[in-house]
Amino acid sequence: MKGKLKFILPLVVIVSLISWLVFAGVKDSMVYYITVDELLEDVPDIYGQKVRVSGTVVHGSIKNELDDSLRFTIADGKGEIDVEYDGIIPDIFTDGVEAVVEGKFSAGNVFEADLLLAKCPTKYESEEVPYQRKEG
Amino acid sequence: MSDLGSIAILLSFFITIYSLFACAVAARTGSRAFAQSGGNGIVSLAFLLLVAVCCLVYELVTLDFSLRYVALNTSTDLPVIYRVTALWAGQAGSLLLWSFILSLYMAFVVLRNRKKGGDPYVNIVLCAVSLFFLFLIAYVEDPFEKLGVAVGEGRGLNPILQNGYMAIHPVTLYVGYVGITVPFAFGIAALLSGRLGDEWIRNCRKYALFSWMFLSAGLLLGARWAYLELGWGGYWAWDPVENAAFMPWLAGTAFLHSVMIQERKAMLKKWNMILLIITFFLSIFGTFITRSGIVSSVHSFARSDIGPLFLGFMVLILLFSFALLIYRSKELESEERFDSVLSRESAFLFNNLLFLAAAFSVFLGTIFPVLSEAFTGKKILVGPPYFNAVGVPIGLVLILLMGIGPLISWKKASTANLKRNFVFPGVVFAAVLLALLVFGLREPVALLSFALCGFVAATVFLEYFRGIRVRSSRGENPVSAFFNLVSRNRRRYGGYIVHLGVVLLVIGITASSLFVTQKEVVLGKGDSFSLGRYDLVFRGVNYISNDAKDGFSAELSIENNGRSVATMYPEKNIYKYEGNREINQETEVALRSTFRDDLYLILSEVGGGGKVNIRALLNPMVNWIWAGGFVIVLGAIVTMWPEGRRKKESSA
């Protein structure tokens, strides 16, 4: 029995250490994934909290000056929010795509994003009309 | 051609059903005729699927827009090479490729044991797995599905998939993914037949290693593609699809190590089965993640309704495999037991535990949004900070074990053994640590990681040195002693080469993830800025236009200590072809790569008056990662190289 104990002890230590790592890791890095509507409902509690929000980029809202941050508006259902972002812009980011931003909603009602992803809606294969017919 | 393809797929579906039954009969009755017939069915399956793949490639190359798959994934402006690679750009084609690669493995397994038509038990499992994928392409996701009306133009291939690495990365990864089915089949066959000796392990080891090698190469090619094409300056983002391929790699690595314990010590038999089942499960799970869109990912190019079918298949695999394992568990008792914590056995055991823990944490992080939504109703993500927080400590301990494992003695390590083997690597560890401290490095993770890499490299060197010394003392010259050493014991010394590759990889990952310098600047013509040891001068914007695209490239002269070393052109392109409406823009990074660092330039924006916004990154030692990949593959090849070939050569 003593022979087994020698192994069980280090195993228990390792397993609990790893569980602790996983637990702490989740606790420190978890981010709620919400919609624009949900975010607006949670004002003012949401201010300063790190969240991930997705919504459609409003047509004509993208402003991208050379020496300033990228600004645009995302909407979903009723609400819309202004987003400010400094970083690498995905190639497929344009009017009308679904944008996913991660950051904090500030008291000035601007979402300060530090992550921007864009999803391309047309490449989903289960879509009904997957391509545009071209003349000629 | 599309009819021929459809027929080939349907035929292969029914032939697989037949082979499954023939092999089942052979397994029950021992009938040799049935076994052979089942084996023949499997070989013909490979031929039929080859025909189907050729048909689809033909349709893709000739742009038959009456087929849905062709219309979805190609267009007239697409170069022929990318029409061929469109075979795995979409769902149905990917599944066809999966089935085809599996059928090649199956045919190989059968032909290696030609006289008997293969082992019927192994064939049963292979046919069952293959049947699932054939069902999908025959009835759910038909690659030869016709459109009601042919369209004039296809939708085209996403520009970021039009890259040389995209031509080889998915296939490489698939060869790895699919290959795991073969060792799984050997394992389950052993459980089914009750022949639970070492034979199945010996038979499947090379298949496991082969697919592990392709999985490793596929992962690195994917990282390289992301680095060159996605344009954010990194190569790994803990994206669900990346994790999907990483998890079976982790579990597979654990398996490759623990089979050595079973072969040598007849221990860990149940454990090995569990690892194998988990590895196979994760490879199917990975395909599921990639193909179902259940977890949103920047890589999820496809989304469809085959998700539930995959889910069902995965549950079936787990239930069936574990039920079988419990049924046979009495016969899988170890013949020996662990003596001491300070032994090679326990080093292997801890290695296994950590690899599995790593796979589990990646799994948890990947499906966390799904789990949290199911349990709390709220979608919660864990990002790269989670994976790094868990992965880095586990990784560091694994590197330590990689140094300890090969040198510590079996059963119980004596103080003499520890002294004899670990003084030199320990000194190297301390020396690396000290040298880096003197050079001003203060980052604790980097210090530990580099010093541990030194430690492992020293153990590998020590093993080679000792082997060569023994041989040269018998009068061989050191060079031929080296070659003889490796070729006489390929598994051991090939494994050390893999370890050395991992060391290079870890050095590259550590340096490039901890010491990135980056700057974002707005430049007018003639402006300059400096980044690390480089000075960059902006020479102006060039306008590019050809048939496929319009674009801008910024011209930058790169100087190092006043000496001009290169001119770089980061680009921003607009594709003219409108089929791909949403993704017509493409940022092409410029890269200057050395073993010291990568200068990585992104043209973020072109403004009025010839001004540009440039993001510049200096990523240290990224090349070490790719070099490490080459060494890992080399080591794996050495390990797998057939024995006996050398004997033939020397007798000839």
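Here is how names work: the chains are called A, B, and so on, in the same order as the sequence lines, proteins then strands, and each is numbered from 1.
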Given heavy-atom pairs under 4.5 angstrom as the criterion, report whether the side chain, backbone, both or neither of [X] touches chain A.
| X | value |
| --- | --- |
| B:T587 | both |
| B:F387 | neither |
| B:V522 | side chain |

Inter-residue atom distance [X].[atom1] - [Y].[atom2], 0.5 Å rounding:
| X | Y | atom1 | atom2 | answer |
| --- | --- | --- | --- | --- |
| B:L381 | A:Y33 | CG | OH | 7.0 Å |
| A:D28 | B:N388 | CG | CG | 12.5 Å |
| B:W232 | A:L117 | CH2 | CG | 11.0 Å |
| B:E520 | A:S69 | CD | OG | 9.0 Å |
| A:L17 | B:L354 | CG | CG | 10.0 Å |
| B:F350 | A:I14 | CZ | CD1 | 4.5 Å |

Requested in this report: Tell me whether the guanidinium CZ or amine NZ of B:K378 lies under 6.0 angstrom from the six-membered ring centre of A:Y32 and within 45° of its axis.
Outcome: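 Yes, B:K378 sits over the ring of A:Y32.
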Query - Option in B:V390, B:I394, B:V521 with maximal non-hydrogen atom pairs under 4.5 Å from chain A - result: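 Highest number of heavy-atom pairs under 4.5 Å: B:V390.
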To check you understand the geometry: which heavy-atom pair defines the closest contact between [X] and [Y], and what is its length?
| X | Y | answer |
| --- | --- | --- |
| A:S29 | B:Y386 | OG-CB, 3.0 Å |
| A:D86 | B:R615 | C-NH2, 4.2 Å |
| B:A389 | A:L21 | O-CD2, 3.7 Å |

Query raised in the report: Does some side-chain heavy atom of A:L11 sit less than 4.5 Å from a side-chain heavy atom of B:L353?
Result: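 Counting from C-beta outward, B:L353 and A:L11 do come under 4.5 Å.
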For chain B, which candidate among [options] shows the most heavy-atom pairs at distances under 4.5 Å?
| options | value |
| --- | --- |
| A:I89, A:N64, A:V31 | A:V31 |
| A:S19, A:G87, A:P90 | A:G87 |
| A:I18, A:V15, A:L115, A:I88 | A:I88 |

Query raised in the report: Is the number of heavy atoms from other residues, nucleotides or ligands under 6.0 Å of A:Y47 OH greater than 12?
Result: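 Yes, because the 6.0 Å sphere around OH of A:Y47 holds more than 12 heavy atoms from other groups.
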